[in-house]
Amino acid sequence: MDPHLIEQIAVAAGMGLIGAVVFAAIGLVSGTDETTTLAPLTLLTVLLGVPPAGVFTFFLAGAVAKHMTHAVPTALLGIPGDTMAMPLLQDANLLRKLGVPHIALRKMVSGGIIAAFIAVPLAVLFAVMLAPFGAFITKTAPWIFLAAAVLIAYFSAGRWASVALLVPFVVLILGLQSLTAQYDVKLSISYFLGIAIGPLVADLFTVLSPAGRQRMSRDSVRQFNLAPDVKGWSGYFPNPFKVLDRTQARWTFATAAVSSATFVFSPVAMTVVLGEVVGSRIKHAYHRLTTVLSARNGVTEATYIAEALIPLIAFGLPLSPVAAGPAAPLFNAPPRFTVDAATGQTHNLHNLLSHWEFLGYGMLSVILAAIVSYPFAMNFARRAALFVSRKVSHEAIIATFVGLIIVISVWEGQLLGLLVILTMGLVGGLLSRIFAFNTGVQFMGYYTAVLSVPALVKLL
């Protein structure tokens with residue numbers, strides 16, 4: 001074999017393993033948003049010069065691993081592991097009240113691992129089918145970004161408020177760009193990071209306000225009840241097809257296949273809608289709850305994979321909420337990966353990896369995430385949840401990411417980079433909290449500002 005290929009595979013496997021381990025652990029911590037965690041760490045691998053295959057496997061293995069272990073706090077503690085776990089919470093809580101949270105957890109994790117193995121080849125297939133239209137889409141990128149921004153905003157939780165808020169949000173970005181240009185500072189990563197940590201920045205400013213601090217204060221420590229763990233299999237690696245019955249496996253297959261073909265809709269919306277479709281077809285209450293949970297967690301995996309892979313492979317442009325959010329460093333991370341604002345031309349993983357490499361490294365990522373996350377979540381979930389709830393400081397995790405983001409912003413734009421992050425984070429975080437103008441829509445607003453507005457100005 002080619003020594004260069006062996007080295008590339010070894011680097012990809014190593015980075016994928018690191019991503020799986022890191023994000024399997026992060027997934028255990030409730031409330032860790034994908035954009036706030038996946039995006040900065042993936043960006044760090046890009047800026048450190050990790051080879052393209054290693055960057056890709058780090059991101060994908062991390063995303064798959066996190067969407068398996070986010071089931072642990074969701075099922076056992078009754079608090080969402082991340083944003084994508086929100087649609088799972090109600091059904092998981094009902095099973096907790098029935099005294100079977102371990103059943104909910106196993107169904108969710110098993111649905112996730114099955115869907116991940118389905119989603120990668122299907123997403124690559126759909127991307128290859130769309131690839132012939134890549135030249136046309138690249139040429140018309142400014143208008144496609146504008147249309148995609150409006151579409152994604154409309155299908156978000158904010159609906160028309162999100163569509164309307166695109167205008168002042170884009171104007172804010174244009175104003176900041178004009179300000180930094182006066183000092184010969186051109187920023188891109190700082191805008192991206194500011195949007196990513198918006199809710200965190202908004203919360204930090206809220207804590208500084210006496211009124212805000214009073215609203216956030218609690219009279220007592222929150223308590224959780226953990227049911228005893230019951231293991232229903234022998235060995236370390238249980239068979240997911242034995243954990244799910246035939247009906248549950250069939251619905252997981254079907255919903256994963258559907259979500260693997262879509263890449264412009266909100267991942268949360270896809271999870272909710274497909275879960276409702278599954279639930280409407282099953283009459284028995286207990287069986288409906290367990291089936292919907294397995295299918296919905298499968299959709300979280302499949303949607304994330306598809307929304308990252310299809311735009312990346314077919315176009316090289318971040319034309320989905322996931323691509324514009326958590327997966328944005330795979331598309332645009334200057335100076336290594338770029339999307340040209342004037343022409344829509346790209347230099348990123350789309351140009352550096354072939355279709356077969358995306359398929360091979362994608363399957364490698366899923367295998368690594370499955371080896372790390374699946375048996376861990378199935379065998380040690382209760383002990384892990386107990387350890388995290390008692391010993392892990394959420395403040396320390398937040399401080400770690402804040403420190404990382406400050407370093408990157410100062411590296412890119414010194415004091416101006418830090419000010420842009422604070423401004424974008426505060427405004428974006430407040431808009432997200434008050435109007436449900438979420439980070440996916442905000443990222444599309446950023447690309448509208450840097451791609452669509454120049455084209456509009458030129459046209460007019």
So how far is it from [X] [atom1] to [Y] [atom2], rounded to the nearest 0.5 Å?
{"X": "I118", "Y": "F253", "atom1": "CD1", "atom2": "CZ", "answer": "4.0 Å"}
{"X": "T423", "Y": "L416", "atom1": "OG1", "atom2": "CG", "answer": "10.0 Å"}
{"X": "Q442", "Y": "L166", "atom1": "CD", "atom2": "CG", "answer": "9.5 Å"}
{"X": "L176", "Y": "L419", "atom1": "CG", "atom2": "CG", "answer": "9.5 Å"}
{"X": "I310", "Y": "L130", "atom1": "CD1", "atom2": "CG", "answer": "6.5 Å"}
{"X": "S432", "Y": "I195", "atom1": "OG", "atom2": "CD1", "answer": "11.5 Å"}

Tell me whether [X] contacts the main-chain N or O of [Y] through its side chain, where contact means a donor paired with an acceptor under 3.5 Å.
{"X": "S373", "Y": "A370", "value": "no"}
{"X": "S178", "Y": "G175", "value": "no"}
{"X": "R336", "Y": "V50", "value": "yes"}
{"X": "S259", "Y": "A256", "value": "yes"}
{"X": "E357", "Y": "S354", "value": "yes"}
{"X": "T180", "Y": "V185", "value": "yes"}
{"X": "H70", "Y": "H67", "value": "yes"}
{"X": "K186", "Y": "A181", "value": "no"}

So, for [X] and [Y], which heavy atoms are closest and what is the spacing to 0.1 Å?
{"X": "G111", "Y": "T252", "value": "O-CG2, 3.5 Å"}
{"X": "V201", "Y": "L426", "value": "CG1-N, 3.6 Å"}
{"X": "L174", "Y": "A449", "value": "CD2-O, 3.7 Å"}
{"X": "L349", "Y": "F358", "value": "O-CZ, 3.4 Å"}
{"X": "A65", "Y": "A369", "value": "N-CB, 3.8 Å"}
{"X": "A153", "Y": "S162", "value": "O-CB, 3.6 Å"}

Name all residues meeting the side chain to side chain contact (heavy atoms under 4.5 Å, CB included) criterion together with [X]; count only those two or more places apart in sequence or in a different chain, and write none if there are none.
{"X": "I18", "result": "M15, V22, F58"}
{"X": "P121", "result": "L359, M363"}
{"X": "L95", "result": "L98, V100, A104, Y286, L289, T290, L293"}
{"X": "A333", "result": "L43, V46, F337"}

Partners of R159 by salt bridge (Lys or Arg N to Asp or Glu O under 4.0 Å), sequence neighbours excluded?
->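 By the salt bridge (Lys or Arg N to Asp or Glu O under 4.0 Å) rule, R159 matches no residue at all.
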
Within residues 370-379 or reaching into it, pairs that qualify as salt bridge (Lys or Arg N to Asp or Glu O under 4.0 Å) - sequence neighbours excluded =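 As it turns out, there is no salt bridge (Lys or Arg N to Asp or Glu O under 4.0 Å) pair with a partner in residues 370-379 once direct neighbours are skipped.
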
Counting C-beta onward and ignoring hydrogens, is there a side-chain heavy-atom pair between [X] and [Y] closer than 4.5 Å?
{"X": "I113", "Y": "V109", "value": "no"}
{"X": "D91", "Y": "R296", "value": "yes"}
{"X": "M68", "Y": "E301", "value": "yes"}
{"X": "I173", "Y": "M424", "value": "yes"}
{"X": "L60", "Y": "Y361", "value": "no"}
{"X": "I313", "Y": "H350", "value": "no"}
{"X": "P51", "Y": "E7", "value": "no"}
{"X": "L38", "Y": "Y304", "value": "yes"}

Just to verify, what does [X] make a ring-ring contact (aromatic ring centres under 6.0 Å, His included) with, not counting sequence neighbours?
{"X": "Y374", "value": "F237"}
{"X": "F59", "value": "none"}
{"X": "F205", "value": "none"}

Can you list every side chain to side chain donor-acceptor pair (under 3.5 Å) pair that touches residues 119-129, not counting sequence neighbours?
->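 Not a single pair qualifies under side chain to side chain donor-acceptor pair (under 3.5 Å).
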
Pairs involving residues 49-58, ordered by first then second residue, that meet side chain to side chain donor-acceptor pair (under 3.5 Å) (sequence neighbours left out) =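 Sorted pair list comes back empty.
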
Starting from the C-alpha separation in whole Å, work towards a yes-or-no answer on side chain to side chain contact (heavy atoms under 4.5 Å, CB included) for V207 and L204.
-> CA-CA 5 Å; V207 171; L204 291 176; 5.7 Å; no

Residue pair N332 / T338, side-chain donor-acceptor N/O under 3.5 Å |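 Short answer, no.
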
Could you tell me whether Y191 and Y446 have their ring centroids closer than 6.0 angstrom?
->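 Yes - the distance between ring centres of Y191 and Y446 falls below the 6.0 Å cut-off.
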
Walk me through it: do W356 and V124 pass the test side chain to side chain contact (heavy atoms under 4.5 Å, CB included)?
-> CA-CA 9 Å; W356 288 109; V124 174; over 6 Å; no

Would you check, one step at a time, whether the test side chain to side chain contact (heavy atoms under 4.5 Å, CB included) holds for I6 with I9?
-> CA-CA 5 Å; I6 296 174; I9 293 173; 5.9 Å; no

Step-by-step side chain to side chain contact (heavy atoms under 4.5 Å, CB included) determination, V243 to M378 | CA-CA 10 Å; V243 177; M378 296 293 281; 3.8 Å; yes

Those residues that, when tested against S260, pass side chain to side chain donor-acceptor pair (under 3.5 Å) (two or more places apart) =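 Here no residue qualifies.
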
